[in-house]
Amino acid sequence: MRKVAIVGVGQSPFGRASDRGINELAWQAIKQALQDAGITQRDVGFVSVANVGGWSAEPLPAISVNEYAGLTGVGTYRVEAACASGSAALVTAANLVSSGAVDIALAVGVERMNESPTPTAVELIGRAGNYFWEFDMFGLTFPSYYALYATAYMNKYGATEEDLAKISVKNHFYASFNEYAAFRKRVTVDDVLKSRPVAWPLKLLDCSPITDGAAAVVLASEDVARKLTDTPVWIAGVGYGSDTSNLSKRPDFLTLRATRKAAAEAYKKAGVDPSKPVKSFDVVEVHDCFTIAEILAYEDLGFAAPGQGYMLAREGETYKGGLIPVNLDGGLKAKGHPIGATGVSMAAEITKQLRQEVPAERQADIVKGMGLAHNVGGTGHYTYVTIYSLQKPG
Amino acid sequence: MSTIPREELEKMVKSWLEMVEQITRSEGLPIVPDEKTGDPVWVDLRELRLKYLIPIARIRKFFDGLKEGKVYATRCPVQDVYFFPPQADCPYCMDENLEWVEIRGRGTLVTYTVVSVKPASYLHYPDYIIAIARMEEGFNVLCWMSVDDPSQLRIGMPVKLVVKRREPEGFFTYYLEPE
Ligand SMILES: [Zn+2]
């Protein structure tokens with residue numbers, strides 16, 4: 001298997017892109033990524049496109065995006081793993097490079113959620129669980145899925161609504177320095193607590209917004225990467241996991257088993273010590289679709305012991321300078337969560353962090369040269385953990 | 001967002017569509033300003049109605065049970081595992097000889113939430129409580145919780161499973177209630 005590196009990244013602003021269609025939005029990201037890599041469309045051997053859709057009109061987005069971006073004729077497909085679609089598209093593209101099938105692949109994530117009215121988008125995301133037994137009969141919504149975890153977690157470990165709110169405060173703080181973020185306004189714990197209930201105990205400011213956006217990364221084999229850049233960002237290890245469609249078939253609501261499995265696999269492949277993973281990383285992106293999800297991620301990724309994740313939030317240990325900096329781009333909460341684009345945007349952010357190209361206020365100190373992206377689809381239905389390194393993996 | 005009653009939403013949609021039609025008549029194009037940014041957007045001329053037809057032939061007994069006030073699970077006698085929601089095939093034995101077992105109906109509350117921002121297709125319901133209970137047989141059930149005041153709920157409290165008709169839609173389904 002060949003080593004694979006990210007050699008170019010791009011992303012559109014996240015938010016309400018009412019001035020751009022899905023193809024135009026994707027092109028914003030693709031153009032930047034090709035220019036960043038110093039390549040043209042002719043160099044691209046495959047395009048993997050993450051898009052969940054349903055809320056947007058185009059039924060074959062991989063084809064329409066490629067046509068618009070001058071990539072017609074290149075092998076392509078659309079990838080779906082709910083909110084982890086972006087990582088799935090990236091990993092499948094990386095595997096095509098790794099296997100020798102192509103030398104350069106492009107992974108694109110794009111979502112235009114505001115192409116439908118908000119109640120329709122709420123409806124469609126709520127259906128992303130088990131359709132018949134959960135949505136059709138009982139009207140689960142996306143926040144309510146995570147609220148079931150929040151209630152169980154808070155009851156078991158004594159975490160409070162204030163602890164959850166601190167995740168939102170941190171992520172809004174860092175988004176204020178991110179020109180691509182949907183929300184640039186800071187919030188206080190009080191703002192979060194006073195925001196209106198969505199699915200108790202989660203409130204509006206515990207939730208990531210309905211977002212439009214796109215991101216793209218160029219992946220290259222070792223030979224090609226060395227020619228294109230002095231700072232390739234290597235994929236050092238990927239772990240995969242999944243869990244039951246029906247939430248009720250899980251043994252408890254305190255942990256995402258899919259993340260634990262994916263993290264263990266990724267740590268093993270990248271040579272990260274699973275008993276103290278924080279020692280390996282300068283910066284981490286975790287999947288904070290809801291504030292509770294970031295706290296679960298701290299534990300499931302091994303940054304905190306079970307039941308101790310909320311203490312990292314309470315004590316500010318995931319700000320820059322803390323135990324481990326998390327979501328310095330604002331996370332899904334405040335940068336925004338255009339479903340299919342999120343995983344690709346995480347990869348773009350870690351790449352820029354490792355290359356030390358983000359504004360100083362939110363640039364992590366790069367000492368170890370390693371970062372991690374944790375991307376969850378649905379309510380722990382799918383998980384991808386991807387580890388990136390400035391050092392070529394051994 | 002989605003806290004308005006369904007009839008009101010439908011009225012709003014209807015009057016909005018009439019506005020679009022008027023604009024199309026007068027301007028010759030279905031282009032309106034985006035409600036938040038004012039950017040020009042083309043209003044799709046086509047509309048898609050989705051109502052799925054879901055096969056239940058092989059778990060028909062579950063629905064017959066609901067009409068008799070019973071909730072059934074399936075169970076594999078070889079593996080000694082329950083399936084709920086029920087399924088017709090045992091993937092472990094690669095067999096379909098599962099038994100139908102009536103759920104005894106007693107359990108404890110594992111977790112719950114109150115849904116305030118509802119999907120468009122649930123706007124005709126007041127806010128509802130979704131709960132998960134661990135039944136004494138050892139599997140979980142997820143459904144609505146019937147209780148007047150959600151502040152009465154405590155994780156670990158005993159609950160029972162009951163069958164009721166869900167109004168205004170009128171179909172039989174199962175609920176949890178405090179014991
Ligand atoms: Zn069996």
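Below, chain A is the first sequence line, B the second, and so on; all start at residue 1.
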Given a strict heavy-atom distance threshold of 4.5 Å, which part of B:Ser121 is in contact with chain A: side chain, backbone, both, or neither? both
Could you look at B:Tyr52 and say if it's the side chain, the backbone, both or neither that has a heavy atom under 4.5 Å from chain A? side chain
Counterpart residues, side-chain hydrogen bond (donor to acceptor under 3.5 Å, both in side chains), relative to A:Glu67 (two or more places apart): none
Greatest number of heavy atom pairs closer than 4.5 Å to chain A - which of B:Ile132, B:Val141, B:Leu48: B:Ile132
Name the region of B:Arg46, side chain, backbone, both or neither, that has any atom closer than 4.5 Å to a heavy atom of chain A. neither
Do the numbers put B:Lys61 on top of the ring of B:Tyr72, so that NZ or CZ is under 6.0 Å from the six-membered ring centre and no more than 45° off the axis? yes
What option among B:Ile54, B:Leu142, B:Val115 has the most heavy-atom pairs under 4.5 Å with chain A? B:Leu142
Rounded to the nearest 0.5 Å, what separates atom CD1 in A:Ile125 from atom SG in A:Cys289? 10.0 Å
So that I can tick it off, tell me whether B:Arg106 and B:Glu179 are bridged by a salt bridge, with the cut-off set at under 4.0 angstrom between side-chain N and carboxylate O. no
What part of B:Ile130 gets within 4.5 angstrom of chain A, counting heavy atoms only: side chain, backbone, both, or neither? both
For B:Pro77, check side chain to side chain contact (heavy atoms under 4.5 Å, CB included) against everything at least two apart and list the hits. B:Arg75, B:Glu99
Among B:Val114, B:Leu50, B:Ile129, which residue forms the greatest number of heavy-atom pairs with chain A at distances under 4.5 Å? B:Val114
Parallel, tilted or perpendicular, as decided by the 30° and 60° cut-offs, for the rings of A:Phe132 and B:Phe63: perpendicular
Shorter than 4.5 Å, heavy atoms on both sides: which option in B:Phe83, B:Tyr128, B:Phe139, B:Tyr125 has the most such pairs with chain A? B:Tyr128
Answer with yes or no whether the side chains of A:Ser168 and A:Thr291 bring together a donor and an acceptor at under 3.5 Å. no
Contacts under 3.5 angstrom, residues 135-154 of chain A side chains, donor-acceptor by atom type, not counting sequence neighbours:
{"from": "A:Thr141", "atom 1": "OG1", "to": "A:Ser144", "atom 2": "N", "distance (Å)": "3.2"}
{"from": "A:Thr141", "atom 1": "OG1", "to": "A:Ser144", "atom 2": "OG", "distance (Å)": "3.1"}
{"from": "A:Ser144", "atom 1": "OG", "to": "A:Thr141", "atom 2": "N", "distance (Å)": "2.7"}
{"from": "A:Ser144", "atom 1": "OG", "to": "A:Thr141", "atom 2": "O", "distance (Å)": "2.7"}
{"from": "A:Tyr145", "atom 1": "OH", "to": "A:Glu134", "atom 2": "OE1", "distance (Å)": "2.6"}
{"from": "A:Tyr146", "atom 1": "OH", "to": "A:Gly378", "atom 2": "O", "distance (Å)": "3.1"}
{"from": "A:Tyr149", "atom 1": "OH", "to": "A:Arg250", "atom 2": "NH1", "distance (Å)": "2.9"}
{"from": "A:Thr151", "atom 1": "OG1", "to": "A:Ala147", "atom 2": "O", "distance (Å)": "3.0"}
{"from": "A:Thr151", "atom 1": "OG1", "to": "B:Tyr112", "atom 2": "O", "distance (Å)": "2.7"}
{"from": "A:Tyr153", "atom 1": "OH", "to": "A:Glu299", "atom 2": "OE2", "distance (Å)": "2.4"}
{"from": "A:Tyr153", "atom 1": "OH", "to": "A:Tyr310", "atom 2": "N", "distance (Å)": "3.4"}

May I ask you to decide if the ring planes of B:Phe62 and A:Trp133 are parallel, tilted or perpendicular, using 30° and 60° as cut-offs? perpendicular
What part of B:Asp44 gets closer than 4.5 Å to chain A, counting heavy atoms only: side chain, backbone, both or neither? neither
Answer yes when B:Arg58 and B:Glu96 have at least one side-chain N-carboxylate O distance shorter than 4.0 Å, and no when they do not. yes
Would you mind checking which part of A:Asp19 comes under 4.5 Å of any heavy atom in chain B, side chain (CB onward), backbone (N, CA, C, O), both or neither? both
Under a 4.0 Å N-O cut-off, is there an ion pair linking A:Lys166 with A:Glu162? no
Which residues from residues 148-169 of chain B are near chain A, with near meaning under 4.5 Å between non-hydrogen atoms? B:Ile155, B:Arg166
